[in-house]
Amino acid sequence: MSRKITVIPGDGIGPDIIESATQILDKVGCDFEYEYADAGLIALEKHGELLPESTLAAIENNGITLKGPLTTPVGGGFTSINVTLRKHFGLYANLRPVNSFKGTQARYDNVDIITIRENTEGMYSGLGQTTKEDGSEAEAMSRVTRLGCERIVRYAYELARREGRKKVTAVHKANILKSTSGLFLSVAREIGKEYDDIESDEMIVDATCMKLVMDPSQFDVIVTTNLFGDIISDLCAGLVGGLGMAPGANIGEKCAIFEAVHGSAPDIAGQNLANPSSVILASIQMLEHLGMQDKAEKIRNALRDVIESGDRTTRDLGGSHGTTEFTQAILERL
């Protein structure tokens, strides 16, 4: 029986790159049934809201979602759709792996890092955001809980053990943010002691950024809080050629959403120019989550071969071809 998954094409280049990913999933024999749902600007135009109830229901019912980039309108009181999804479904773990692919315009060729970011607390929880009427002052509140810290740190160590990784680095700012970052660090130290088969490391966030740029090979798994994780994961993407090569997974107890982490790039939408690698890599994450490692590996090898050989690659990968030609090159290898 085929597995039903929710597919959200999204805005801008989203429909183009999502079509590429579903063609590849079909070709490798996944036998998924796709339930398409709207979110973002396209949903606002069609349904009058950014995140319709029918979309939320599809995500909940199917448990697995593949998502293209979404645009949240600037201003007008709109809340980030991605933040809303994470909070609504309790998607507490954000996994952002980066791997070097020969053939990309990257500065390094040996990067293999997973950033695991707490996804629901900290500065991004939206608590206490106020601005004085005269615009002279603004404030926001960061709140972390022991439960939230324990859950994300344990997730990082369990993933490291499962994937045969050697080291987990807890990234913090406890020297200044003694309450929130201090709680995260103390919990990370406690839990690290339970995993004597894995090396535990801790590092202040600014030093982490410097060391990542100088020598990324010293990192394996990074676990951190929401704001720091957002920044670090984008920095890591820059080490392997940019956001076009960076997927993301948002994992909760009952639902998981796999996504391209770059923006919707409306300026090139519908022009057959977009590199679909980010959402293809996200679909590989999805297959691994579903225990379909053999199919995930086939797609990864095909993608790697296309990029390394420069066969019909897109402009950001040094080629001159479009989304459909790039996708065709992968399909032929499958």
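All heavy atoms count here, side chains included; hydrogens, waters and symmetry mates do not. Sequence positions, counted from 1, serve as the residue numbers for this chain.
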- Any salt bridge between E158 and R154, counting N to O under 4.0 Å? no
- Donor-acceptor pair, S100 side chain versus V111 backbone, under 3.5 Å? yes
- Going by the angle between their ring planes, with limits at 30° and 60°, are Y157 and Y195 parallel, tilted or perpendicular? parallel
- Message: I'd like to know if the side chain of E325 pairs up with that of N272 as donor and acceptor (distance under 3.5 Å, no hydrogens or angles considered).
- Response: yes
- Return yes if some donor-acceptor pair links the side-chain N/O of N275 with the main-chain N/O of T314 below 3.5 Å, else return no. no
- Item | N119 side, atom CG; N250 side, atom CG - distance, nearest 0.5 Å | 5.0 Å
- Hey, is the main chain of K166 close enough, under 3.5 Å, to the side chain of D220 for a donor-acceptor pair? yes
- Partner of E121 under side-chain hydrogen bond (donor to acceptor under 3.5 Å, both in side chains), picked from T145, N226, T225, is T145
- For the pair T115 (side chain) and G229 (backbone), establish whether a donor and an acceptor sit closer than 3.5 Å, ignoring hydrogens and angles. no
- Task: May I ask you to decide whether R162 forms a salt bridge with E288, counting only side-chain N to carboxylate O separations under 4.0 Å?
- Result: no
- Task: Would you indicate whether the side-chain heavy atoms of D234 and R96 approach each other to under 4.5 Å?
- Result: yes
- Could you tell me whether R3 sits above the aromatic face of F32, with NZ or CZ closer than 6.0 angstrom to the six-membered ring centre and within 45 degrees of the axis? no
- Item | Pair N82, S80: side-chain N/O donor-acceptor within cut-off below 3.5 Å | no
- Message: Tell me whether R161 is salt-bridged to E194, with the criterion being a basic N under 4.0 Å from an acidic carboxylate O.
- Response: no
- Query: Which value, rounded to the nearest 0.5 Å, describes the distance between E35 atom CD and I8 atom CD1?
  - Reply: 10.0 Å
- Message: Evaluate Y92 against E253 for side-chain contact (heavy atoms from CB on, under 4.5 Å), listing each step before the verdict.
- Response: CA-CA 9 Å; Y92 67 90; E253 300 292 347; 3.9 Å; yes
- Task: Could you tell me whether the side chain of L243 reaches within less than 4.5 Å of the side chain of S278, counting heavy atoms only?
- Result: no
- OG1 of T313 to CG of D311: how many Å apart, nearest 0.5 Å? 8.0 Å
- Note on the structure: Rounding to 0.5 Å, atoms OG1 (T65) and CD (E60) come to a distance of 11.0 Å
- Can you find a side-chain donor-acceptor pair between S217 and N110 that sits under 3.5 Å? no
- Query: Can T71 and S264 be said to form a side-chain hydrogen bond (donor to acceptor under 3.5 Å, both in side chains), step by step?
  - Reply: CA-CA 7 Å; T71 301; S264 58; 2.7 Å; yes
- Item | Test applied, side-chain contact (heavy atoms from CB on, under 4.5 Å); reference residue, E118; option that passes from N94, T224, V144, I152 | I152
- Message: Treating N301 as the side-chain partner and E297 as the backbone partner, does any N or O pair qualify as donor plus acceptor under 3.5 Å?
- Response: yes
- Query: Within the distance-only criterion (no hydrogens, no angle test), does the side chain of S20 pair as donor or acceptor with the backbone N or O of T327 below 3.5 angstrom?
  - Reply: no
- Query: Ignoring hydrogens and geometry, is there a side-chain-to-backbone donor-acceptor pair from K167 to Q218 under 3.5 Å?
  - Reply: yes
- Query: For K178, does its backbone N or O pair with a side-chain atom of S181 as donor and acceptor, under 3.5 Å?
  - Reply: no
- Polar side-chain atom of T169 near backbone of I222 as donor-acceptor pair, under 3.5 Å: no
- So does E332 pair up with R312, basic N to acidic O under 4.0 Å? yes
- Query: Are R165 and I198 close enough that some pair of their side-chain heavy atoms sits under 4.5 Å apart?
  - Reply: no
- Within the side chain of D112, is there an N or O that forms a donor-acceptor pair under 3.5 Å with the backbone of N99? no
